[in-house]
Amino acid sequence: MHFPPGVNTPTPSGAHPSSLLLQGLNDEQSAAVTLPADHSLILAGAGSGKTRVLTTRIAWLLQTGQVSPGGVLAVTFTNKAAKEMLTRLSAMLPLNVRGMWVGTFHGLCNRFLRAHWKLANLPQTFQILDTQDQLSAIKRLGKQFQVDEERFPPKQTMWFIAGCKEDGLRPKDVDVRDPDTRKKVELYELYEAQCQREGVVDFGELMLRSYELLRDNDPIREHYRRRFRHILIDEFQDTNKLQYAWIKQLAGPVAQDGGAVFAVGDDDQSIYAFRGARVGNMADFVREYQVQHQIKLEQNYRSFSNILDSANHLIDHNKNRLGKNLHTTQGAGEPVRIYESPTDFAEAQWMVEEMKQLLREGQNGDDAQGVAHRHEIAVLYRSNAQSRVIETALFNAAMPYRVYGGLRFFERAEIKHALAYLRLLENPRDDTSFMRVVNFPPRGIGARSIEQLQDIARAMGCPLHDAVSTLTGKAGVNITAFVAKIDVLREQTQGQNLRQIIELLLDHSGLVEHYQSEREGADRIENLTELVNAAESFVTQEGFGREAVAMPVNGEMINPDTGETLSPLAAFLTHAALESGDNQAQAGQDAVQLMTVHASKGLEFDCVFITGMEEGLFPHENSMNDYDGLEEERRLMYVAITRARRRLYLSHSQTRMLHGQTRYNIKSRFFDELPAHALKWITRQQPTWVENDWHSKASAPTPVVQRAPGATGPNAWVRSGVQVFHTKFGEGTVVGMEGVGDDARAQVNFSRHGMKWLALSVAKLTQV
Ligand code: ATP
Ligand code: MG
């Protein structure tokens, strides 16, 4: 049946269709959905139905004929959330949602500028600069105007410009109080002129240019004010100053007949201060728009009470809150499980085992205990670099997974750059890698010179590397210097082990310095140092993702299929290529979801693992010394906990490889801020789980051994105290055992190589 907006068609049962939309909502939610067309604020905690209310309100407004689809503007935080909203809308109403203005701030501004490119003084085909392009543009400027790069690093200039734009400031609006700021403002002005000449805009410009067009062009502004009768904003707590100003342009001053703003938010979930988010926008909105309708939603529909109590207790430790309480009628549910592991590898392996168990139970129809689908399981981490170990464990267990809102480890740009350098060390004829890094980090080699080189190589029928010697002029000098650098590095790495090779490369390629001055470069540097860990564990952790590529025999890596010898570097590169290949679940395939806590905002899952709950990691070390920083970390943790519907696991590890070294960790302070009654500390002992109640164990749980770990079958002789020989590591003594059967691992103290954990099903040990 088709209900065009404005036609109130009764249903067969006699109920009015709009009342059907309200079915199942509680009183406050219904009241919020059906508020009159005035400005309103829905302030409510996680999982209380804010997004549901916002979406239902759009459907209700359409169905009761108060607005046409073209009269609605809805802003959400991520593309995924926008898509979700459109899907939900089309499920509620037979409606073509394609023309509706539902999207992210950047997406909607782009749409607006595409429609009014001429008035916005842009070419019709204006291009959007990403951060990388933006930086090269600033560097080019610096060269042209002989800017001292030491004093004005290009990246700082870039942040300065982005910060000004987030605050809605053009160069002339900046308050100049010192010569340095004057210089930066000058660069901002030159950068603007260059972008304008080239017909490009950066992300900040999309937002600022739309705002200015609305502010300065009366007919356009009036047109949109008349058009958008209803402006709905989800996650309002994370809007920045310019975004709020943009909304105000569309809504108009309070006294005039502008659109009604329906803002939805949760101050406890404000997690983007580092990008200029202003929780204060909520209070400003209430004051400036004389908001009459404020509704609080206090019932949480997402989580069982053990999970909800944990979230409430935790966030109660923050002082700067508007304060609200959430309750649920769903009952206590499962306790929040806490797991402590000796290493990050063990943490990841434990998690995979637990997932398998949950899926087994779910597929057996035990909904209370298990999880029926992989996509109902999410793994959240504070820092991107943590994903590698988890990815490897999932890969080895053949468990499909998808890294969401970010790239998988081996697909990240910085890792690909580093791998391209490594590939060139291994094979100078690799033209793809050559092209990737010949001018990265930028070393003054222009596109024209590269084209020239490609032409020569094509004519000579040789790799780019070999054609370089024929180049002349300035282009020739720079490219020759690059090739010479790679050739020297190759010589220096002769005889070095994999770790040394990668460290040397990171030191000499300029990648680390390059990212050091980038606004969000710290994350990329973390990932680069994580590459050293990846290599290290590739070499030493037997049975951890390597056997498909190479097996160690007498100190060599041997391809198990062909028997050919590979250098450790070649073996590692193959491993990296395989890992970045097809393993990411196919589109539509049921897959475990991996993401940072930031990316999980607004989403929900039956089962959530929050990993790396350690001081310095979560809360992150960058924010621990600063009160506001710590409160923001706590809000992040609140967001993480409240993603879980039925099961929540928190894990921490005594040791973790991060930033290129093993860190010995203490568990996160956040554990002390959770309610004891909701928690259960678990310890893994094969073959059963042993669970220690929090009350009976005041400190870290002591394992209760059900069955001594150890090897079975041909490796049954391996036990503590036995002398062993390993083809690569030589002689050593077994000092510990973990797991049984195929999972058995031995800790061996090798006289020449120190302590190693070896998976007995893979490592070939012989008794001495
Ligand atoms: P967040 O703060 O995490 O963004 P939210 O407040 O936007 O959360 P929603 O995602 O809208 O919350 O809702 C949380 C869950 O509760 C969803 O699965 C939603 O369908 C469900 N839900 C909301 N209201 C009700 C209700 N009245 N009855 C049953 N389920 C509900
Ligand atoms: Mg929401």
Side-chain angles (χ1 to χ4, degrees), residues 19-34 41-60 74-89 91-92 102 104 232-239 262-272 277 279 282 295-305 307-308 310-312 314-315 321-322 324-331 333 375-376 378 380 405 593 595 597-608 610 635-646 648:
S19 64
L20 285 182
L21 284 178
L22 305 180
Q23 262 178 16
L25 299 182
N26 66 32
D27 292 348
E28 291 77 26
Q29 290 176 330
S30 275
V33 167
T34 56
L41 175 67
I42 313 301
L43 177 69
S48 58
K50 294 184 298 299
T51 303
R52 180 164 168 168
V53 161
L54 189 144
T55 313
T56 312
R57 177 163 170 86
I58 299 176
W60 179 80
V75 194
T76 65
F77 209 73
T78 60
N79 288 319
K80 166 141 170 101
K83 232 185 252 160
E84 176 85 25
M85 192 171 282
L86 288 171
T87 314
R88 285 202 212 172
L89 272 175
M92 284 190 246
V102 175
T104 60
L232 304 98
I233 308 141
D234 201 0
E235 311 274 7
F236 191 60
Q237 76 280 356
D238 271 328
T239 49
F262 186 87
V264 158
D266 177 5
D267 59 309
D268 289 332
Q269 294 188 70
S270 169
I271 55 175
Y272 280 94
V279 186
M282 296 214 259
I295 293 187
K296 285 193 173 185
L297 308 175
E298 300 202 308
Q299 179 159 354
N300 172 294
Y301 289 92
R302 183 177 290 147
S303 316
F304 284 94
S305 75
I307 295 171
L308 196 59
S310 301
N312 283 340
L314 178 98
I315 201 64
R321 309 180 57 207
L322 298 177
K324 49 193 150 19
N325 254 323
L326 274 179
H327 60 86
T328 174
T329 57
Q330 291 206 62
H375 67 259
E376 280 305 346
L380 308 184
Q593 315 270 303
M595 67 195 79
V597 180
H598 277 105
S600 74
K601 204 161 90 142
L603 306 179
E604 59 186 22
F605 307 91
D606 273 348
C607 170
V608 170
I610 308 175
R635 289 192 293 271
L636 257 181
M637 183 63 189
Y638 174 79
V639 168
I641 293 176
T642 52
R643 298 310 96 200
R645 286 199 199 103
R646 295 195 290 115
L648 176 64

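Values below: all heavy atoms of this structure, side chains included; hydrogens, waters and symmetry mates excluded. Note that ligands are numbered from 1 as they come in the structure, with each ligand's atoms numbered from 1 the same way.
Set against the non-hydrogen atoms of G602, the atoms of ligand 1 under 4.0 Å away are 4 (O). In summary, the atoms of ligand 1 found under 4.0 Å from a heavy atom of G24, numbered by their order in the structure, are 26 (C), 27 (N), 28 (N). Near G49, with a cut-off below 4.0 Å to any heavy atom, the atoms of ligand 1 are 5 (P), 6 (O), 9 (P), 11 (O), 12 (O), 13 (O), 23 (C). The contact set between ligand 1 and G45, taken as ligand atoms under 4.0 Å from a residue heavy atom, comprises 6 (O). Using a 4.0 Å cut-off to heavy atoms of E604, the atoms of ligand 1 that qualify are 14 (C), 15 (C), 17 (C), 18 (O).
For the Mg ion (ligand 2), the neighbouring protein N/O/S atoms at less than 2.8 Å, given as residue and atom, are T51 OG1.
For a threshold of 3.5 Å applied to N or O pairs, the pair formed by R88 and ligand 1 contains no separation below that value. Residue contacts with ligand 1: D266 is placed with no nitrogen or oxygen under 3.5 Å of a nitrogen or oxygen of the ligand (distance criterion only).
Taking the salt bridge (charged side-chain N to carboxylate O under 4.0 Å, His left out) definition, one finds that R645 meets it with E376, E604, D606, sequence neighbours left out. For E28, there are no salt bridge (charged side-chain N to carboxylate O under 4.0 Å, His left out) partners, not counting sequence neighbours. The ring-ring contact (aromatic ring centres under 6.0 Å, His included) search around H375 returns H373, not counting sequence neighbours.
Note on D267 versus R321: no salt bridge recorded, every NZ/NE/NH1/NH2 to OD/OE distance being 4.0 Å or above.
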Quick one, L603 with E84, criterion side chain to side chain contact (heavy atoms under 4.5 Å, CB included). Give me CA distance, side-chain angles, the key distance, then yes/no.
CA-CA 10 Å; L603 306 179; E84 176 85 25; over 6 Å; no
Step-by-step side chain to side chain contact (heavy atoms under 4.5 Å, CB included) determination, T55 to M92
CA-CA 9 Å; T55 313; M92 284 190 246; 3.6 Å; yes
Check step by step if side chain to side chain contact (heavy atoms under 4.5 Å, CB included) holds for E235 and Y272.
CA-CA 11 Å; E235 311 274 7; Y272 280 94; over 6 Å; no
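Two residues are said to be in side-chain contact when any heavy atoms from C-beta on lie closer than 4.5 Å; H327 and Q299 meet this criterion.
Residue-level proximity to ligand 1 for Q29 is carried by the side chain, the only part with a heavy atom below 4.0 angstrom.
Summarising the geometry, atom OG belonging to S600 is positioned 6.5 Å from atom CD1 belonging to I271; distances are rounded to the nearest 0.5 Å. Atoms OG1 and CG, from T642 and N312 in turn, are 10.0 Å apart once rounded to the nearest 0.5 Å. In this structure, CG on L297 lies 10.5 Å from CG on D266, to the nearest 0.5 angstrom.
For atom 2 (O) of ligand 1, the closest non-hydrogen atom of the protein is K50 NZ, 2.6 Å. Considering only non-hydrogen protein atoms, atom 21 (C) of ligand 1 sits nearest to Y301 CB, 3.8 Å. Nearest non-hydrogen protein atom to atom 20 (O) of ligand 1 is R52 NH1, 3.4 Å. The protein heavy-atom contact nearest to atom 10 (O) of ligand 1 is R302 NH2, 3.1 Å.
Taking 4.0 Å as the cut-off, R643 counts as a neighbour of ligand 1 on heavy-atom distance. Under the 4.0 angstrom criterion for non-hydrogen atoms, L25 is in contact with ligand 1.
Among the candidates T56, T51, I58, the single residue satisfying the side-chain contact (heavy atoms from CB on, under 4.5 Å) test with L54 is I58.
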